[in-house]
Amino acid sequence: MDIQRLKRLALRVIGIDMALNGANFIEIFEYFKESGQDLSECFNATQRIFRGGYPDKNIVFTKDSVYLQGLLNIHTFFRWAMKNNRLELCHLLFSGKMSLGDVFELEDAYRYQWIAPPKFLPAWFSKIEGLAGTLSFSLIANLVRIDIAEKSMKWAA
């Protein structure tokens, strides 16, 4: 997922929250416009939030919230697997449609090769070392205290 897609998802989640709190179609469209989205994207995102719901009853389409929660869960799982030297479990996610809980339930079956390893891995995952490096950097970067680091950086003053 690139940063632009992540931004669109995050903006839609905020738009969903706005709709759940009573904002109407035009208010959310304007929010997207003020956030730098082009008019077509503003309309499509707003339409997506209000389709299949009852906006006057604060019932809106919240699938984007689920997408972001899934993204966070997968990222956390990859970090956990790396920290606990269990990266082999990550391969299971590409063996078929399953939840993170299924990974642990099927771990023995995978280890004993009762479940075939995935035939295809995404390019970003095909070299686990690259993923491990990215996650390692993420773990380290998340430990940096910005308030303390700012004090030692000339450009941050």
Side-chain angles (χ1 to χ4, degrees), residues 1-23 25 28-29 31-32 35-38 40-146 149:
M1 174 177 301
D2 64 30
I3 195 70
Q4 290 296 24
R5 171 123 172 88
L6 184 58
K7 180 181 178 183
R8 284 193 311 272
L9 284 171
L11 287 173
R12 283 201 308 256
V13 169
I14 293 169
I16 289 166
D17 184 62
M18 291 171 64
L20 290 171
N21 286 301
F25 190 98
I28 294 174
F29 179 90
Y31 167 74
F32 289 140
S35 297
Q37 302 295 300
D38 66 46
S40 177
E41 178 61 30
C42 293
F43 180 81
N44 290 333
T46 307
Q47 177 183 345
R48 181 183 178 106
I49 290 170
F50 285 100
R51 76 168 181 230
Y54 296 95
D56 56 329
K57 296 178 183 169
N58 292 347
I59 299 172
V60 297
F61 191 65
T62 59
K63 192 172 185 181
D64 293 313
S65 300
V66 174
Y67 289 157
L68 283 178
Q69 183 63 48
L71 179 64
L72 290 171
N73 288 345
I74 292 296
H75 182 264
T76 302
F77 174 74
F78 282 158
R79 287 178 56 192
W80 175 90
M82 188 189 70
K83 178 182 175 193
N84 292 285
N85 199 26
R86 304 294 309 276
L87 285 172
E88 77 282 355
L89 291 177
C90 296
H91 283 86
L92 259 174
L93 291 173
F94 303 103
S95 296
K97 193 170 187 173
M98 65 180 71
S99 71
L100 289 175
D102 294 338
V103 169
F104 296 101
E105 293 290 324
L106 298 171
E107 180 181 0
D108 287 338
Y110 185 67
R111 184 179 312 121
Y112 295 118
Q113 298 179 350
W114 298 334
I115 296 175
K119 290 183 180 181
F120 303 101
L121 292 172
W124 59 266
F125 190 81
S126 61
K127 292 187 178 178
I128 196 72
E129 299 82 13
L131 176 62
T134 300
L135 291 173
S136 293
F137 179 78
S138 174
L139 286 169
I140 293 166
N142 286 329
L143 295 175
V144 174
R145 294 248 337 251
I146 298 298

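Numbering of residues begins at 1 and proceeds along the displayed sequence.
Heavy-atom minimum distance, Phe32 versus Ile49: CZ-CD1, 3.8 Å. Of all heavy-atom pairs spanning Leu92 and Val103, the tightest one is CD1-O, 3.4 Å. The two atoms that bring Ala116 and Ser95 nearest to each other are O-OG, 3.8 Å, heavy atoms only. Between Phe77 and Phe104, the closest heavy-atom pair is CE1-CZ, 3.7 Å.
For the atom pair Ile115 CD1 and Tyr110 OH, the distance stands at 9.0 Å (nearest 0.5 Å). Expressed to the nearest 0.5 Å, how far OG1 of Thr76 lies from NZ of Lys83 amounts to 11.5 Å. For the atom pair NE2 (His75) and CG (Asn73), the distance works out to 11.5 Å, reported to the nearest 0.5 Å. Rounded to the nearest 0.5 Å, atoms CD (Gln47) and CD1 (Ile28) are 13.0 Å apart. The CD atom of Glu41 sits 11.0 Å away from atom OG of Ser35, with the distance rounded to the nearest 0.5 Å.
The shortest distance between side-chain heavy atoms of Cys42 and Tyr31 does not fall below 4.5 Å. Side-chain contact between Leu93 and Asp102: absent, with no pair of heavy atoms (C-beta onward) separated by less than 4.5 Å.
In terms of the salt bridge (Lys or Arg N to Asp or Glu O under 4.0 Å) criterion, Asp38 has no residue partners (sequence neighbours excluded).
Ring geometry for Trp114 against Tyr112 counts as tilted: the plane angle lies between 30° and 60°, on a 0 to 90° scale.
Counting only residues at least two apart or in different chains, salt bridge (charged side-chain N to carboxylate O under 4.0 Å, His left out) contacts with residues 87-97 comprise Arg86-Glu88.
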Under 3.5 Å, side-chain donor or acceptor atoms of residues 10-19 against the rest of the protein: list the pairs with distances, not counting sequence neighbours.
residue: Arg12; atom: NE; partner: Asp64; partner atom: OD1; Å: 3.3
residue: Arg12; atom: NE; partner: Asp64; partner atom: OD2; Å: 2.6
residue: Arg12; atom: NH2; partner: Asp64; partner atom: OD1; Å: 2.9
residue: Asp17; atom: OD1; partner: Asn21; partner atom: ND2; Å: 3.3

